[in-house]
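Okay, so here's the structure we're looking at.
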Amino acid sequence: MAPRKIAAGNWKMNGDLAALAQLDALAGSVDGNCQVVICPPALLIHPMSSKSLPGIQVGGQDCHAKASGAHTGDLAAAQLRDAGATHVILGHSERRADHAETDANVSAKAVAAHQAGLVTIICVGETEGQRDGGDTLQVISQQLAGSVPDCATAENTVIAYEPVWAIGTGRTPTDDQIAEVHARIRADLSERFANGADMALLYGGSVKAGNAVQIFAITDVNGALVGGASLKAEDFAPIVAALAAA
């Protein structure tokens with residue numbers, strides 16, 4: 001099988017019930033050539049999934065590694081699934097930085113998510129200092145090795161490369177830099193997993209309508225994990241259209 005084409009939107013800590021109207025506007029631009037996943041704040045997962053819009057799936061932004069218990073403020077993967085989520089983002093750089101999440105934490109969460117029937121979108125990426133120090137590929141390989149569990153398959157796992165220094169800054173790596181990292185990710189996955197060549201690889205970091213066509217033309221870029229540009233249908237729809245046409 002070929003890697004799926006996926007346009008995923010990470011709403012982060014943005015949006016309210018009124019924002020769900022954006023999905024009605026987005027639905028008209030979705031076709032069968034790519035998969036669309038919107039990951040809103042947890043309180044919006046159930047009302048969003050209840051809209052049952054064709055072609056649009058819903059994901060969480062994090063989950064706990066345990067199935068239940070005394071973990072105030074956390075959500076179990078099965079709870080996300082029960083609320084209507086089909087996917088969950090794990091290991092986003094903001095979680096790694098703000099909550100001191102390690103690769104081992106991310107891997108444990110991924111195992112729990114897979115057991116609950118969720119598709120994981122596992123994020124990797126280097127900081128500006130690591131990029132400038134020439135350590136990007138080493139960092140990416142280490143994060144992949146530590147964050148992606150052995151139970152990962154092309155069906156239950158998506159990898160998102162998000163250079164930390166490009167998230168929300170308006171800066172993007174060059175095409176060659178993106179291609180180099182995605183080639184390393186593909187090589188690492190292919191060496192470790194029987195169907196690693198079929199895992200979808202997303203690029204994230206200031207993806208917008210103006211650069212989507214160029215980014216999706218890069219080898220081994222199978223879609224995008226989009227932040228701010230996914231909040232409004234008028235901004236996200238052109239990105240989805242560009243991916244469908246790629």
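Position 1 is the first residue of the sequence, and the numbers go up from there.
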Establish, from distance only, whether the side-chain atoms of S147 and R96 form a donor-acceptor pair under 3.5 Å. yes
Please find the pair of heavy atoms, one from A246 and one from F216, that lie closest to each other, and give the distance. CB-CB, 3.9 Å
D150 and R192 ion-paired at < 4.0 Å: yes
Any side-chain donor-acceptor pair under 3.5 Å between T219 and H182? no
When you check the side-chain N and O atoms of H114 and T153, is any donor under 3.5 Å from an acceptor? no
Shortest non-hydrogen pair, A154 vs N195, comes out as N-ND2, 3.2 Å
Tell me yes or no: between the side chains of E126 and Y161, is some donor less than 3.5 Å from an acceptor? yes
Return yes if a side-chain donor-acceptor contact under 3.5 Å exists between Q142 and D103, otherwise no. no
When you check the gap from the basic side-chain N to the acidic O, do R95 and D62 get nearer than 4.0 Å? yes
Looking at C39 and Q61, what are the two nearest heavy atoms and their distance? O-NE2, 3.1 Å
Under 4.0 Å between a Lys/Arg side-chain N and an Asp/Glu carboxylate O for K51 and D24? yes
Can you give me the closest heavy-atom contact between A200 and P3, atom names plus distance? CA-CB, 4.0 Å
Just checking, any donor-acceptor pair under 3.5 angstrom between side chains of E162 and H92? yes
